[in-house]
Amino acid sequence: MRVFPLLGEHDYDKVVFCNDNDSGLRAIIAIHDTTLGPALGGVRMLPYPTEAEALRDVLRLARGMTYKAAISGVDLGGGKSVIIGDSRTAKNPALLRALGRFIESLGGQYLAGQDIGTNSHDMAVIRASTGHVACVNESAGGAGDPSRTTAYGVSCGIRAVLKATTGSDTLAGRHISIQGLGNVGFAVARFCHEAGARLTVSDIYTPLAAKAAQELGATVIAPDDIYDVECDVYSPNSVGGIINDDTVPRLRCAAVAGGANNALAEPRHADLLAQRGITYGPDYLVNSGGLIRCQEEVFDRPTEDFTIYSKVTQIYDQTLHVIELADELGISTAAAADWLAEERIAGAK
Ligand code: NAD
């Protein structure tokens, strides 16, 4: 059986270029699809070298959010925004409030959240201009940073790929390699450590790696060596595009499951992993825990860990379902995940 994408490559509901000369804001908001609900997606702030690169990133990320919501049963659409600039030097309240005004002008079609280069305090600043924002910090009355929930979901995805590859989902005694120890990666490392796993970790920011060694007994290796680690599961939790022509042949793991968005450089890399007998837990499914939490915040439902974690645990079953479907259809797990997501959207249209 062949799987055809239902959502064409260029089918976006709306793409808005935002310029505000007073604050210096240069941003792009992309709304990919709102069939399942208003489009939710984080605000990413990076010093993109060109506007074309910012556009490419926001389009790809917005599309990924549509699929993430669809496969995880979330009643939201997919969107994203990017601010062009260095978050350490160029971010200021006026710029964030200007973005908020552009978000407000979209009348609720797009809901902002935090992403790389922004945090829950920034969301509180954006809220001064628009109510269409999630992940506002707790002291300002919001649900706060969803990263730990994302990490809990990633740990569910890791257990699912372990189950598929070894017949057991126990983490005790397993060797997990973790790339990136930021908000998500460090919490993934902690969940795995607390469940008895042995860790090998890397981060380009050495203090975080040292912290993992000290607090979690992790073995630290140089960033580029992470692909060569012989382990049960490789968990990418840093940048996208790290599963590519150079890295796939180097991998010595039985499975991949991590938080990094757009981990595959191209869809065909999922096929390359399958050809090498490596089980891939699709990124947007495995890392959907934070979105599941944001949905509860957006719809004014309780967001405490106990309630949310019981919902996020579904990532375990859904990942196993995707792996079984891929086997049955003779396609990659990434294609099987796309198929399930598109089926839900087609049913709702
Ligand atoms: P973060 O910025 O807090 O952490 C990223 C970490 O990766 C940093 O510590 C950085 O130093 C490290 N890093 C960067 N390049 C590296 C490399 N080549 N090798 C090793 N380490 C490297 O970001 P985060 O919030 O933890 O998000 C991590 C990934 O998860 C991103 O791809 C993000 O889009 C995705 N994600 C995050 C969430 C969330 O709730 N925060 C939800 C879904 C997906």
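Just so you know, these numbers come straight off a predicted model, no measurement behind them. We count ligands from 1, going down the list as the structure has it; atoms in each ligand are counted the same way.
- In terms of protein heavy-atom proximity, atom 12 (C) of ligand 1 is closest to Asp203 OD2, 3.3 Å.
- Atoms of ligand 1 found under 4.0 Å from any heavy atom of Asn261, numbered from 1 in the order shown, are 32 (O), 33 (C), 34 (O), 35 (C), 36 (N), 44 (C).
- The option from Gly259, Ala260, Ala151 that lies nearest to atom 36 (N) of ligand 1, judged by heavy atoms, is Gly259.
- Looking only at atom types and distance, the side chain of Thr307 has no donor-acceptor partner in the side chain of Arg301 under 3.5 Å away.
- Distance from atom 40 (O) of ligand 1 to its nearest protein heavy atom, with residue and atom name: Thr150 OG1, 2.7 Å.
- Val184 CG2, 3.7 Å is the protein heavy atom nearest to atom 37 (C) of ligand 1.
- A heavy-atom separation below 4.0 Å is not found between Gly290 and ligand 1.
- The distance from ligand 1 to the heavy atoms of Lys68 drops below 4.0 Å at these ligand atoms: 43 (C).
- Ligand 1 has an N or O atom lying under 3.5 Å from an N or O atom of Arg44, backbone or side chain.
- Looking at atom 23 (O) of ligand 1, its nearest protein heavy atom turns out to be Ile116 CG1, 4.3 Å.
- A side-chain donor-acceptor contact under 3.5 Å links Thr247 and Asn244.
- Side chain to side chain, Tyr284 and Asp338 meet the donor-acceptor criterion of an N or O pair below 3.5 Å.
- A single hydrophobic cluster is seen to contain both Tyr48 and Phe17, as judged by linkage of ILVMFWY side chains at heavy-atom distances under 4.5 Å, directly or through other members.
- Around atom 28 (C) of ligand 1, the closest heavy atom drawn from Val154, Asn237, Ile242 belongs to Asn237.
- Of all the heavy atoms of Asn183, the ones lying under 4.0 Å from any atom of ligand 1 are found in both the backbone and the side chain.
- Using modelled atom types and a 3.5 Å distance limit, the side chains of Asp169 and Tyr316 yield a donor-acceptor pair.
- The closest non-hydrogen atom to atom 1 (P) of ligand 1, taken over Gly289, Gly258, Gly182, Cys294, comes from Gly182.
- Ser147 OG, 3.1 Å is the protein heavy atom nearest to atom 41 (N) of ligand 1.
- Among protein heavy atoms, the minimum distance from atom 7 (O) of ligand 1 is reached at Ser238 CB, 3.3 Å.
- Given atom 18 (N) of ligand 1, the protein heavy atom at minimum distance is Ile204 CG2, 4.1 Å.
- The contact set between ligand 1 and Gly180, taken as ligand atoms under 4.0 Å from a residue heavy atom, comprises 7 (O), 20 (C), 21 (N).
- Gln114 and Asp122 are not linked by any side-chain donor-acceptor pair at a separation below 3.5 angstrom, with hydrogens and angles left out of the test.
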